[in-house]
Amino acid sequence: MEIYNTLTKKKEEFKPVNPPNVGIYVCGPTVYDFFHIGNARSFVMADIMQRYLRYKGYKVKFVMNLTDVDDKIIKKANEEDVEASVIAERFTNAFFEDIEKLKIKKADVYPKATGHIKEILELIKKLEINGIAYNTGGDVFYDVHKFKEYGKLSGKKLDDLEAGARVEVNDKKHNPLDFALWKSAKEGEPHWSSPWGEGRPGWHIECSAMSMKHLGETFDIHAGGHDLIFPHHENEIAQSEGVSHKPFVKYWVHFGFLNIKNEKMSKSLGNFFTARDVIKRFSAETIRLLFSQAHYASPLNFSDELLTSAQKGLEKITNFVQTINNKLDKAEPDGNYPEFIIQTYYDKFEQAMDDDFNSPKAVAVIFDLIKNVNKILSEDEQWGSNFYEDILDFLNSTAEAVLGIIQEPVSASESTNETVDKLLDLLVQIRTKAKKEKLYEFADQIREKLSELGFTLVDTKDGTEIKK
RNA sequence: GGCGACGUAGCCAAGUGGCUUAAGGCGAAGGUCUGCAAAACCUUUAUUCGUCGGUUCGAAUCCGACCGUCGCCUCCA
């Protein structure tokens, strides 16, 4: 398979450092607030990537960090007059609640910055020994001029950066582009002791420390939003390679923004919806289908109109799954098999996903299958159960296991009980009789009232079906 | 100012030199089925890929100019 690598600016054959193991590190949230639906896009697409790599048989170690010490957390803590850890814990919990609702698989490790102070200090010490970091009165900075390859990820040149520097002036820095590895403690901030005095880590160093600790000095995939390319990921490379003198990451993957009216959704612009609010109105599957229908690296406009359109698409999938399940219930094990080769759909699905996780194409394969199978079903012939099983197996291993877009049928025990089922059956029987006697108004009334209660009656050739 | 990305039907979106006289989803129009619905099926919905030039036997796909949109260069997924 091929993956587009930001570092080389082209698609490259994916060759893990140590197959079949694959190490993935994704920049996770700073836990100072609920994450918005734009953040959710990155998390969902990273989830689909790791699910697909597992589908391919790789042994994936998926690491997502939680930044739990940072200016914004401290600011909020001071506003509420609580410890920073209180804020961090609150939004860490919220983060886990929200990703679960989005059907995002748990990472193997969720390292926290505050849990890796020792590793962070080790790294800074080594950078200091290598002459790359300098200490000015308790603040330690990275000297970007000491790393020859600085700018290789973002394609920026130091001269250009300096020319357009909008970085705030800081007398302590040798160069405006130097960045903080360690910040000396200020009043009302969490702090740890270090060789340079009390302080806290800079933002970039935690990711170098935690990714190398959990995945080694060179690992396979490092992913994050497009806005992290510079300076965050650029700095991570400088820090990590400045110590290890080895390539830090083989494949850099960056997610396109979720836009609102063509503008990047962001907290600072204020044009955002929290993921939790969107999940209240649309299902995880709808959101995941919407994201899957665009390539992960392209910008995607977000609107209710698009969500509704995805919801309609999802209904098509859900109806189909229900139809196949109903057919399977009535099918004979040794029935006929239609002229249909399921393998071609697996092949096409894999071809699509192998091409830099082309999920829109993969989704198209799934819709193609639905259309073609529906066509076969409309021929009104009975097929053997292995046909329906093949279809369900395909959907489970692709649409669900990789993309996560198959809705769980509401289990009978949750929504109803046996008595309700019997009463429903009774009503359906009465309605069927009414229909036979052409009492259509009465029959429609039953259908309407039940629909209001959440039960949809559908008349088919084989009788009336109840959808809950 | 520097660097970069993008512009495909009413909307979203694949396709990056011949397999495509452009996938898939949503929407719209007509039809089949049905007592009616719903679902499903069939047909129609871009001779054309921002504009203008160029390269090529051949371009949405390569090159150039122009127009437009967005992003990064400060925290941001």
Side-chain angles (χ1 to χ4, degrees), chain A residues 9 26-30 32 35-46 70-72 151 154-157 159-168 176-177 203 223-232 234 254-259 262-269 272 289-290 292-295 297-303 305-320 322-323 348 352 355 358-368 370-371 373-380 435-436 438-441 443-444 447-448 451 456-461 465 467:
Chain A
K9 293 192 170 55
V26 178
C27 288
T30 300
Y32 74 106
F35 64 86
H36 61 62
I37 192 72
N39 304 123
R41 184 189 184 195
S42 291
F43 300 151
V44 167
M45 293 322 285
D70 144 284
D71 289 349
K72 286 182 292 254
S154 56
K156 295 182 189 298
K157 298 185 188 80
D159 291 348
D160 295 340
L161 284 166
E162 279 162 20
R166 288 194 282 157
V167 204
E168 66 179 292
L177 294 166
W203 172 39
H226 229 89
D227 45 5
L228 295 183
I229 296 174
F230 190 90
H232 186 55
E234 194 71 69
H254 290 98
F255 305 113
F257 297 134
L258 195 66
N259 292 338
N262 270 337
E263 268 193 333
K264 177 186 173 184
M265 179 184 290
S266 74
K267 287 273 165 64
S268 39
L269 285 172
F272 66 91
L289 177 63
L290 173 62
S292 299
Q293 281 183 301
H295 186 80
S298 314
L300 174 65
N301 266 309
F302 183 79
S303 66
E305 198 189 352
L306 282 183
L307 274 166
T308 307
S309 147
Q311 195 175 36
K312 288 282 170 56
L314 187 74
E315 271 172 35
K316 191 176 212 165
I317 299 172
T318 307
N319 284 335
F320 179 73
Q322 225 158 29
T323 304
K348 281 183 188 165
D355 181 14
N358 193 331
S359 58
K361 219 172 178 175
V363 170
V365 173
I366 287 158
F367 278 112
D368 267 337
I370 291 174
K371 188 176 200 153
V373 171
N374 269 329
K375 204 174 285 187
I376 291 170
L377 298 184
S378 69
E379 283 162 14
D380 204 27
K435 273 175 42 179
K436 265 185 198 150
K438 298 208 160 80
L439 297 166
Y440 293 125
E441 255 181 60
D444 289 350
R447 185 168 61 188
E448 245 172 67
S451 165
T456 308
L457 296 193
V458 178
D459 297 328
T460 70
K461 285 207 170 94
E465 281 169 13
K467 290 184 182 177

**OP:** State the CG-OG distance between A:Asp227 and A:Ser42, to the nearest 0.5 angstrom.
**Re:** 8.0 Å
**OP:** Would you kindly give the CZ-to-C1' distance between A:Phe255 and B:rC70, to the nearest whole Å?
**Re:** 20 Å
Subject >> A:Met265 CE to A:Leu300 CG distance, which is reported to the nearest 0.5 Å >> reply: 9.5 Å
Original post:
What integer distance in Å separates A:Leu457:CG from B:rC36:C1'?
Top reply: 14 Å
Subject >> Residue pair A:Ser266 / A:Phe257, side-chain heavy-atom distance below 4.5 Å >> reply: no
**OP:** Using Watson-Crick or G-U wobble geometry with both distances below 3.5 Å, tell me the partner of B:rU32, or none.
**Re:** B:rA40
Original post:
More than 12 foreign heavy atoms under 6.0 Å from NZ of A:Lys438: is that the case here?
Top reply: no
Original post:
Which of the following nucleotides, B:rG71, B:rA13, B:rA37, is nearest to the side chain of A:Ala294?
Top reply: B:rA13
Original post:
Which is true for A:Arg41 with a 4.0 Å heavy-atom rule: it touches a base, it touches only sugar-phosphate, or it touches nothing?
Top reply: nothing
Subject >> A:His36 backbone acceptor or donor facing A:Asn39 side chain under 3.5 Å >> reply: yes
**OP:** Check every strand shown and say whether A:Leu258 touches a base, only sugar-phosphate, or nothing at a heavy-atom separation below 4.0 Å.
**Re:** base
Original post:
Now, which nucleotide makes the Watson-Crick or G-U wobble pair with B:rC70, with each of the two distances under 3.5 Å?
Top reply: B:rG4
**OP:** Rounded off to whole Å, could you give me the NZ-to-P distance for the A:Lys375 and B:rA39 pair?
**Re:** 19 Å
Original post:
With rounding to whole Å, what would you report as the distance between B:rA23 and B:rU16 at their P atoms?
Top reply: 14 Å
**OP:** Can you tell me the distance, in whole Å, between the CG atom of A:Leu290 and the P atom of B:rA13?
**Re:** 9 Å
Original post:
Just checking A:His295: base, sugar-phosphate only, or nothing, at a heavy-atom cut-off of under 4.0 Å?
Top reply: sugar-phosphate
Subject >> Lys/Arg-Asp/Glu bridge criterion (N-O < 4.0 Å) met for A:Asp444, A:Arg447 >> reply: yes
Original post:
Quantified in whole Å, what is the C1' atom distance between nucleotide B:rC66 and nucleotide B:rU21?
Top reply: 29 Å
Subject >> Below 4.0 Å: OP1/OP2 of B:rA14 and any side-chain N or O of A:Ser298 >> reply: yes
Original post:
Between atom CG of A:Leu290 and atom CD1 of A:Ile37, what is the distance when rounded to the nearest 0.5 Å?
Top reply: 8.5 Å
Original post:
Using the C1' atom in both, what is the distance from B:rC42 to B:rA60, to the nearest Å?
Top reply: 30 Å
**OP:** Look through every strand shown and name the nucleotide pairing with B:rG10 as Watson-Crick or G-U wobble, where both distances are under 3.5 Å.
**Re:** B:rC26
**OP:** Mind checking the NZ-CG spacing from A:Lys316 to A:Leu289? Nearest 0.5 Å is all I need.
**Re:** 11.5 Å
Original post:
Crowded around A:His232 NE2? As in, over 12 foreign heavy atoms under 6.0 Å?
Top reply: yes
Subject >> Under-4.0 Å side-chain N/O to phosphate OP1/OP2 contact, A:Asn301 with B:rC70 >> reply: no
Original post:
Is A:Ser359 close to A:Met45 at the side-chain level, that is, under 4.5 Å between some pair of heavy atoms?
Top reply: yes
Subject >> Residue mapping more 5' on RNA chain B - nearest nucleotide basis, A:Asn358 or A:Ile370 >> reply: A:Asn358
Under-3.5 Å N/O pairs linking protein and nucleotides 2-5 of chain B:
unit_1: B:rG2; atom_1: O2'; unit_2: A:Asp160; atom_2: OD2; d: 3.1
unit_1: B:rG2; atom_1: N2; unit_2: A:Lys156; atom_2: NZ; d: 3.3

Original post:
Could you state the CD1-C1' distance from A:Ile229 to B:rU74, rounded to the nearest angstrom?
Top reply: 16 Å
Subject >> P spacing across the pair B:rC26 / B:rC70, given as an integer number of angstrom >> reply: 30 Å
Original post:
What is the pairing partner of B:rU16, taking Watson-Crick or G-U wobble pairs with both distances under 3.5 Å in any strand?
Top reply: none
Subject >> Nucleotide opposite B:rU56 in a Watson-Crick or G-U pair, distances under 3.5 Å >> reply: none
Original post:
Atom CE of A:Met45 to atom P of B:rA13: distance rounded to whole Å?
Top reply: 13 Å
**OP:** Encode nucleotides 23-28 of chain B as B, S and - characters from 5' to 3', where the letter depends on protein heavy atoms closer than 4.0 Å: B to the base, S only to sugar-phosphate, - to neither.
**Re:** BSBSS-
Original post:
Looking across every strand, which nucleic acid part, if any, lies under 4.0 Å from A:Phe257 by heavy atom: base, sugar-phosphate, or nothing?
Top reply: base
Original post:
To the nearest angstrom, how far is A:Glu448 atom CD from B:rA38 atom P?
Top reply: 13 Å
**OP:** For B:rU61, give its Watson-Crick or G-U wobble partner with both distances under 3.5 Å, or none.
**Re:** none
Original post:
Are A:Asp459 and A:Lys435 ion-paired here, with the side-chain N under 4.0 Å from a carboxylate O?
Top reply: yes
**OP:** Take atom CG of A:Leu307 and atom C1' of B:rC12, then tell me their distance rounded to the nearest Å.
**Re:** 12 Å
Original post:
What's the spacing between A:Leu314 CG and A:Thr308 OG1 if we round to 0.5 Å?
Top reply: 12.5 Å
**OP:** From the options B:rG15, B:rG35, B:rG71, select the nucleotide whose nearest atom is closest to the side chain of A:Tyr440.
**Re:** B:rG35
Subject >> From B:rA38, B:rA13, B:rC41, nucleotide with atom closest to A:Asn374 side chain >> reply: B:rC41
Subject >> A:Asp444 side-chain proximity, nearest of B:rC36, B:rC72, B:rU69 >> reply: B:rC36
**OP:** Tell whether A:Asp459 reaches the base of B:rC36 with its side chain through a donor-acceptor pair below 3.5 angstrom.
**Re:** yes
Subject >> Residue A:Asn319, side-chain heavy atoms: nucleotide from B:rA39, B:rC75, B:rC72 that is nearest >> reply: B:rA39
**OP:** Rounded to whole angstrom, note down the C1' distance from B:rG25 over to B:rU45.
**Re:** 15 Å
Original post:
Which value, in whole Å, describes the distance between the C1' atoms of nucleotides B:rU61 and B:rA22?
Top reply: 11 Å
**OP:** For nucleotides B:rU47 and B:rA9, find the distance between their C1' atoms and express it as a whole number of Å.
**Re:** 13 Å
**OP:** May I ask you to decide if A:Lys361's main-chain N or O and A:Asn358's side chain share a donor-acceptor pair within less than 3.5 Å?
**Re:** yes
Original post:
B:rC41 and B:rG17: how far apart are their P atoms, nearest whole angstrom?
Top reply: 34 Å
**OP:** Side chain of A:Val458 only, please: which of B:rC75, B:rC41, B:rA38 is the nearest?
**Re:** B:rA38
